[in-house]
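Before any comments, here is the structure.
One-based numbering, in listed order, for ligands and for the atoms of each. In what follows, every heavy atom counts, from backbone to side chain, and hydrogens, waters and symmetry copies are set aside.
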Amino acid sequence: MAQEDLFKKLVAHCKEYGYVFQSSEIYDGLSAVYDYGQYGVELKNNIKKYWWDSMILLHENVVGIDSAIFMHPTIWKASGHVDAFNDPLIDNKDSKKRYRADVLIEEQLAKIEEKINKEVDKARKRFGEAFDEAQFRATNARVLENQEKWEELHSRFSKALNDSNLEELRQIIVDQEIVCPISGTRNWTEVRQFNLMFSTDMGSTADGAMKIFLRPETAQGIFVNYLNVQKTGRMKIPFGIAQIGKAFRNEIVARQFIFRMREFEQMEMQFFVEPGTELEWFRHWKEIRMKWHQALGFGSENYRFHEHEKLAHYANAAVDVEYRFPFGFKEVEGIHSRTDFDLSQHEQYSGKKLRYFDPEKNESYVPYVVETSIGVDRMFLQVVAASYHEEEVVGANGEKDIRTVLRIPPALAPVKLAVLPLVKKDGQPEKARAIIDSLKFDFNCQYDEKDSIGKRYRRQDAIGTPFCITIDHQTETDNTVTIRYRDTMEQERIPVEKIREIVAERVSMKNLFRRLQ
Ligand code: ATP
């Protein structure tokens with residue numbers, strides 16, 4: 001299936017099965033804002049739990065907080081967001097569509113990379129077992145030509161970003177003959193900077209209302225609480241503070257479903273370290289975070305690190321974890337070495353000391369910070385995209401059929417098991433309810449008696465429920481049920497007393513955490 005079609009199907013599936021809805025849909029929606037439905041919220045909560053517990057339970061020196069969205073406006077002046085939280089925008093004069101200039105160029109780079117990969121894939125098929133990829137990349141004329149183009153464009157682009165040279169960004173777009181995908185023309189405006197922060201007023205005007213910002217990242221709530229947590233928790237450096245919460249950005253381009261939203265959620269952890277050790281910790285967290293992603297079993301070949309073209313004003317090292325979405329490799333998480341920039345700025349703007357006294361060295365310093373920052377919604381999209389499968393199966397009548405299944409890792413699945421009476425009589429519904437009653441404190445269970453058993457299985461496959469328990473005539477005589485496994489569709493007869501054990505073992509987050517050790 002073409003990747004574009006796959007993405008469209010994913011979006012439709014998310015809506016049809018109660019995962020994600022367009023916000024304010026009955027009013028024709030609000031651009032780049034989404035609501036999570038009955039299954040979506042469960043998946044989202046499970047993702048958050050996987051992240052939270054992996055931070056808090058597995059690291060005794062990481063603790064959590066929950067800071068307010070509204071913060072003193074000077075915080076955003078100190079952090080640099082008021083002056084520098086900008087994206088370069090460009091409009092196409094014919095379609096009147098707005099784009100991020102940097103994203104247009106990144107897409108051009110990705111196109112060249114794709115050409116190289118196609119060449120490599122073709123050769124792999126031709127040469128089979130004997131194929132030496134490294135040698136092919138180093139010698140094939142077409143690959144080398146494209147590689148050179150890529151490097152030239154990449155270095156020109158990095159320089160323009162680092163110099164904040166907006167004219168040069170526009171010139172690159174012109175020279176690369178990049179066209180607007182809507183109008184197909186190259187009729188571009190100048191590139192302008194656009195600040196991404198939303199603002200609102202706090203207090204009544206009579207009192208003198210204060211302009212405040214909706215936070216564009218949760219990190220600042222951690223920085224301004226650094227000393228509170230360090231002192232009250234008697235934390236010793238190195239230590240981390242984790243937080244999950246909403247963030248808001250007035251994104252210029254908002255067309256990729258929940259990949260880029262104007263209201264979204266972040267899971268961030270700031271790790272405070274001794275100056276000079278930050279790059280070591282940066283490498284450490286880079287590894288930990290990649291393991292966290294790969295533990296889900298979506299295939300290590302679908303992840304990669306991407307070095308930043310331009311370091312943010314606060315960073316001395318930065319890398320993204322990218323996942324291969326249906327629309328290409330894209331950032332899911334950023335890991336940044338933020339130096340002592342934020343704490344020093346807050347010292348300066350607030351006039352309060354934000355230092356750490358090292359009792360062993362008998363000196364105090366402003367700690368350096370390594371940050372891991374991941375979007376809950378992007379992670380959600382990663383899980384759904386990786387889990388969505390359409391498979392050809394043979395139905396009960398021997399005919400071929402397509403089943404759509406979400407192979408969500410059981411620990412994250414919204415519903416863990418469905419209990420299904422084969423018929424709506426002979427005490428089967430009551431038995432099903434009794435089983436649910438005995439398991440409902442442990443797992444999210446669902447009861448379903450409508451339609452044929454085959455249809456019910458398909459419905460649970462589409463939701464991503466890993467286990468279905470079916471009650472039939474035999475259940476009454478020997479207290480056994482059929483358990484059906486989502487991924488293999490295998491069925492097994494088991495005693496009712498074994499359900500808890502079988503399900504508990506497979507849906508436990510412990511399975512994921514063990515892979516992180
Ligand atoms: P991008 O380059 O895609 O705009 P960014 O580099 O600005 O992202 P960060 O500021 O590093 O992103 O934010 C950390 C994480 O927060 C990202 O890796 C992403 O998962 C998430 N995130 C950022 N912006 C959005 C958004 N508009 N919608 C959904 N998630 C987002």
Side-chain angles (χ1 to χ4, degrees), residues 20 23 30-36 44 47-48 51 76 79-81 84-89 99-107 109-110 157-158 161 193-198 214-222 242-270 282 285-286 289-290 292-293 303-315 317-323 325 327-338 341-342 369-385:
V20 183
S23 157
L30 188 64
S31 166
V33 187
Y34 291 90
D35 298 335
Y36 287 86
K44 204 172 173 215
I47 290 172
K48 288 194 260 185
W51 184 88
W76 303 111
S79 69
H81 283 81
F85 194 55
N86 301 321
D87 275 343
L89 69 82
Y99 298 90
R100 256 173 71 175
D102 56 334
V103 171
L104 285 179
I105 300 170
E106 271 168 14
E107 283 169 0
L109 281 165
F157 174 47
S158 299
L161 280 182
Q193 291 287 25
F194 178 76
N195 193 290
L196 301 181
M197 281 199 295
F198 284 102
L214 298 190
R215 66 182 178 197
E217 61 173 28
T218 59
Q220 296 305 323
I222 295 179
Q243 166 157 241
I244 300 179
K246 289 267 180 159
F248 305 83
R249 295 183 188 178
N250 198 2
E251 297 282 359
I252 298 169
V253 186
R255 293 193 201 103
Q256 276 162 330
F257 191 39
I258 56 170
F259 181 81
R260 194 174 297 288
M261 302 153 90
R262 296 206 164 104
E263 172 180 342
F264 59 102
E265 217 168 347
Q266 287 187 313
M267 307 189 279
E268 296 199 294
M269 195 278 300
Q270 312 291 321
F282 173 75
W285 279 105
K286 213 174 125 177
R289 293 306 304 148
M290 187 56 109
W292 184 88
H293 285 277
Y303 298 89
R304 69 180 189 192
F305 285 119
H306 171 80
E307 306 285 336
H308 280 206
E309 265 72 48
K310 179 193 177 187
L311 288 178
H313 56 279
Y314 48 73
V319 75
D320 294 335
V321 175
E322 292 190 339
Y323 175 72
F325 284 98
F327 41 86
F329 270 105
K330 293 276 179 218
E331 170 180 349
V332 188
E333 170 158 10
I335 299 148
H336 312 123
S337 171
R338 287 179 82 130
F341 175 83
D342 300 87
V369 172
V370 173
E371 152 185 275
T372 72
S373 171
I374 171 169
V376 180
D377 314 87
R378 266 191 210 178
M379 187 59 206
F380 184 110
L381 188 59
Q382 183 198 131
V383 172
V384 177

If you measure from each non-hydrogen atom of Arg100 to ligand 1, which part falls under 4.0 Å: side chain, backbone, both or neither? side chain
For atom 16 (O) of ligand 1, what is the closest protein heavy atom, and at what distance to 0.1 Å? Gln266 NE2, 3.3 Å
With heavy atoms of Glu333 as the reference, note each atom of ligand 1 found under 4.0 Å away. 18 (O)
Please report which non-hydrogen protein atom sits nearest to atom 22 (N) of ligand 1, along with the residue it belongs to and the distance in Å to one decimal place. Phe264 CE1, 3.4 Å
Between Arg262 and ligand 1, which residue portion shows a heavy-atom distance shorter than 4.0 Å: side chain, backbone, both, or neither? neither
Specify the protein heavy atom at minimum distance from atom 1 (P) of ligand 1: its residue, its atom name, and the distance to 0.1 Å. Arg260 NH1, 3.6 Å
Short side-chain to backbone donor-acceptor contact, Arg338 and Val369, under 3.5 Å: no
Could you check atom 7 (O) of ligand 1 against the protein and tell me its nearest heavy-atom contact, residue, atom and distance included? Arg249 NH1, 3.1 Å
Considering only protein heavy atoms, which is closest to atom 28 (N) of ligand 1, and at what distance to one decimal place? Met261 N, 2.9 Å
Check whether any side-chain N or O of Arg304 sits under 3.5 Å from a backbone N or O of Phe329 as a donor-acceptor pair, and report yes or no. no
Backbone, side chain, both or neither: what part of Glu251 comes under 4.0 angstrom of ligand 1, heavy atoms only? side chain
Approximate separation, where rounding is to 0.5 Å, of Glu333 CD and Gln266 CD: 11.0 Å
Can you tell me if Gln243 uses its side chain to pair, donor with acceptor, with the backbone of Met269 under 3.5 Å? no
Check for a donor-acceptor pair, side chain of Asp320 on one end and backbone N or O of Glu322 on the other, with a separation under 3.5 Å. no
One residue to check: Val332. Relative to ligand 1, which of side chain, backbone, both or neither has a non-hydrogen atom less than 4.0 Å away? backbone
Of all protein heavy atoms, the one nearest atom 17 (C) of ligand 1 is Glu331 OE2, 3.3 Å
Minimal heavy-atom distance between Val376 and Met267, with the atoms involved, is CG2-CG, 3.4 Å
Region of His336 that comes within reach of ligand 1 [heavy atoms, distance under 4.0 Å]: side chain
Do ligand 1 and Gly375 have nitrogen or oxygen atoms that lie under 3.5 Å from each other? yes
Please give me the minimum heavy-atom distance between Arg249 and Phe198, naming the atom from each residue. C-CE1, 3.4 Å
For Ala219 and Glu268, work out which heavy atoms get closest and say how close. N-OE1, 2.7 Å
Distance alone, cut at 3.5 Å: any donor-acceptor contact between the side chains of Gln382 and Tyr303? yes
Of all protein heavy atoms, the one nearest atom 14 (C) of ligand 1 is Ser373 OG, 3.0 Å
Counting N and O atoms only, with roles assigned by atom type, does the side chain of Asp377 sit under 3.5 Å from a partner on the main chain of Glu265, one being a donor and the other an acceptor? yes
Within the 4.0 Å heavy-atom shell around Phe259, which atoms of ligand 1 are there? 28 (N), 29 (C), 30 (N)
